[in-house]
Protein chains: 2
Amino acid sequence: MASKNLPRPTDAELEILNVLWQRGPSTVREVYEVLLESKEIGYTTVLKLMQIMSEKGLVSRDESDRRHVYEAERAQDETQRQLLSDLLDRAFNGSPTKLVMQALSSKKASREELAEIRRMLDELEKGKK
Amino acid sequence: MASKNLPRPTDAELEILNVLWQRGPSTVREVYEVLLESKEIGYTTVLKLMQIMSEKGLVSRDESDRRHVYEAERAQDETQRQLLSDLLDRAFNGSPTKLVMQALSSKKASREELAEIRRMLDELEKGKK
DNA sequence: TACTGTCAACGAAAATCTTCGTAGTCAATC
DNA sequence: GATTGACTACGAAGATTTTCGTTGACAGTA
């Protein structure tokens with residue numbers, strides 16, 4: 001079975017994961033190219049980070065080709081939930097309601113988005129019946 | 001006016017802020033006592049952290065008494081929004097809806113809590129009219 | 001075969017975060 | 001005024017995170 005207890009990715013690691021989730025399995029150079037568009041960073045910096053992430057288990061590595069291909073080990077959804085759960089404990093006393101309320105109040109969601117959230121609420125309440 | 005760009009508190013700093021928000025202005029020893037209940041930590045460690053937080057502007061310090069009294073500089077609500085906004089950018093591509101949906105799906109809120117969120121949605125939609 | 005470009009590995013430096021030991025200050029008490 | 005206890009300041013060590021320079025391996029090409 002897959003080992004579960006992956007560490008919380010750091011800021012720099014999360015930037016790399018974002019690229020991997022967007023592109024799918026990628027080489028270091030490909031990730032590097034994408035990151036270059038939004039920030040200044042060295043190739044070896046990205047390489048080192050991805051090697052560390054591989055050691056941590058955050059990504060898996062296919063070494064069959066000389067250009068190693070990296071892939072996120074945990075899906076974006078799972079990681080998002082991990083980060084939220086973590087933030088919940090650290091800053092919201094474990095109250096998901098408070099978190100959701102703050103998220104809703106601070107950021108403006110469009111009417112359609114609000115409707116979508118409302119549908120989700122309906123689903124949840126149905127599940128509680 | 002109050003300076004605004006406070007840094008994102010680290011994990012250890014957030015633990016201290018949680019105590020300050022709960023207790024109100026407190027001395028190092030008071031914070032230390034509370035933290036001791038849930039984890040092993042040295043007095044000087046807490047002191048040093050609070051000194052650093054004071055330098056960063058995360059807390060203010062009243063030195064009139066020999067026992068310096070520390071107070072959170074930013075309210076809990078504001079900090080929560082800061083952390084959420086940060087997480088939003090780093091892990092949710094800036095989509096608050098996705099964040100809220102994940103928060104709702106992963107953690108079970110009670111029926112009353114769901115109702116509360118629904119009321120908040122009503123408010124928001126009213127505002128959009 | 002020698003040259004050139006691309007790649008991963010390694011090590012190390014810099015920055016930040018977390019921890020605490022030691023020293024010095026001050027106030028109350030003996 | 002000497003001792004004791006509570007407090008802050010200082011400095012430093014260890015851990016983690018972020019950065020990148022250098023090296024060596026390899027593959028294609030002149």
Side-chain angles (χ1 to χ4, degrees), chain A residues 5-20 23 25-36 38-71 79 82-83 86-87 90-91, chain B residues 5-20 23 25-71 79 83 86-87 90-91:
Chain A
N5 290 351
L6 297 183
R8 168 162 53 118
T10 67
D11 287 6
E13 288 169 349
L14 198 48
E15 289 190 82
I16 288 172
L17 286 176
N18 278 326
V19 176
L20 292 179
R23 295 192 81 263
S26 309
T27 65
V28 173
R29 175 147 307 271
E30 288 165 339
V31 172
Y32 165 65
E33 302 284 0
V34 173
L35 292 182
L36 255 193
S38 54
K39 62 180 296 198
E40 191 173 340
I41 193 169
Y43 172 85
T44 50
T45 302
V46 179
L47 169 64
K48 184 62 166 183
L49 279 168
M50 292 174 77
Q51 284 172 345
I52 292 173
M53 292 168 76
S54 178
E55 287 169 20
K56 292 183 181 177
L58 289 173
V59 299
S60 60
R61 177 165 59 177
D62 177 356
E63 309 183 4
S64 56
D65 192 11
R66 191 157 86 88
R67 304 184 174 195
H68 300 177
V69 177
Y70 293 78
E71 181 172 8
T79 304
Q82 175 193 16
L83 292 171
D86 181 77
L87 187 61
R90 286 190 299 115
Chain B
N5 290 350
L6 297 184
R8 168 163 53 119
T10 66
D11 286 5
E13 288 169 349
L14 199 48
E15 288 190 84
I16 288 173
L17 286 175
N18 279 326
V19 176
L20 292 179
R23 294 192 82 263
S26 308
T27 65
V28 174
R29 176 148 306 273
E30 289 165 338
V31 172
Y32 165 66
E33 302 284 0
V34 173
L35 291 183
L36 255 195
E37 294 168 10
S38 53
K39 60 180 296 199
E40 191 174 341
I41 192 167
Y43 174 84
T44 51
T45 302
V46 179
L47 169 65
K48 183 64 166 182
L49 278 169
M50 292 174 77
Q51 285 172 344
I52 292 175
M53 291 168 76
S54 178
E55 288 169 19
K56 291 183 181 177
L58 288 174
V59 300
S60 61
R61 176 166 58 176
D62 177 358
E63 308 183 4
S64 58
D65 192 12
R66 192 157 88 86
R67 305 184 175 193
H68 299 177
V69 176
Y70 292 77
E71 180 173 9
T79 304
L83 292 172
D86 181 76
L87 187 61
R90 288 190 299 110

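Residue numbering restarts at 1 for every chain, and letters A, B, ... go by the order of the sequence lines.
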Please round to 10 degrees the angle between the axis of the first five pairs and the axis of the last five pairs in the helix from dT1(C)-dA30(D) to dC30(C)-dG1(D).
30°

For nucleotides 24-30 of chain C, read 5' to 3', which letter fits each nucleotide if B means a protein heavy atom sits under 4.0 Å from the base, S means only the sugar-phosphate is that close, and - means neither?
-BB----

Tell me, please, which residues at least two apart from Gln82(A) pass side chain to side chain donor-acceptor pair (under 3.5 Å).
Arg74(A)

Earliest and latest nucleotide of DNA chain D, 5' to 3', sitting under 4.0 Å from a non-hydrogen atom of chain B?
dG5(D) to dA12(D)

Quick one: which protein N/O atoms are closer than 3.5 Å to N/O atoms of nucleotides 2-4 of chain C? Pair and distance per line, please.
none

Output for pair (Arg67(A) CZ, Ser26(A) OG), nearest 0.5 Å, gives 12.5 Å

What is the distance, rounded to the nearest whole Å, between atom CG of Asp11(B) and atom P of dC17(C)?
10 Å

Mind listing the closest non-hydrogen atom pair of Met50(B) and Val59(B) along with its distance?
O-CG2, 3.9 Å

Nucleotide dC17(C), atom P - distance to CG of Leu17(B) in whole Å
14 Å

Of the residues in residues 44-61 of chain B, which ones touch DNA chain D at a heavy-atom distance under 4.0 Å?
Thr44(B), Leu47(B), Lys48(B), Gln51(B), Arg61(B)

To the nearest 0.5 Å, atom OH of Tyr70(A) lies from atom CG of Asp62(A) at 10.5 Å

Which residues satisfy the side chain to side chain donor-acceptor pair (under 3.5 Å) test with Arg90(A), sequence neighbours excluded?
Asp86(A), Asp11(B)

Whole angstrom is fine here: how far is it from OH in Tyr43(A) over to C1' in dT6(C)?
8 Å

Give a yes/no answer on whether the side chain of Thr10(B) brings an N or O atom under 4.0 Å of OP1 or OP2 in dT18(C).
yes

For Glu71(A), side-chain contact (heavy atoms from CB on, under 4.5 Å) partners two or more places apart:
Pro25(A), Ser60(A)

Closest non-hydrogen atom pair between Thr79(A) and Pro9(A), with its separation:
CG2-CG, 4.1 Å

Name each donor-acceptor pair under 3.5 Å that joins a side chain in residues 38-48 of chain A to protein atoms two or more places apart or in another chain, with its distance.
unit_1   : atom_1 : unit_2   : atom_2 : d
Ser38(A) : OG     : Leu35(A) : O      : 3.3
Lys39(A) : NZ     : Glu15(A) : OE2    : 3.2

Scan residues 52-61 of chain B for pairs that pass salt bridge (charged side-chain N to carboxylate O under 4.0 Å, His left out), counting only residues two or more places apart or in two chains.
Glu13(B)-Lys56(B), Arg61(B)-Glu63(B)

To the nearest 0.5 angstrom, please state how far the CG atom of Leu14(B) sits from the CG atom of Leu83(B).
6.0 Å

Quick one: on DNA chain C, does His68(A) or Glu40(B) contact a more 5' nucleotide (nearest heavy atom)?
His68(A)

For Arg23(B), enumerate each residue passing the salt bridge (charged side-chain N to carboxylate O under 4.0 Å, His left out) test, keeping only those at least two apart in sequence or located in another chain.
Glu30(B)

Tell me: CG of Asp62(A) to P of dC7(C), nearest whole Å?
16 Å

As an exercise, state the distance from CD1 of Ile16(B) to CG of Leu49(B), rounded to the nearest 0.5 Å.
4.5 Å

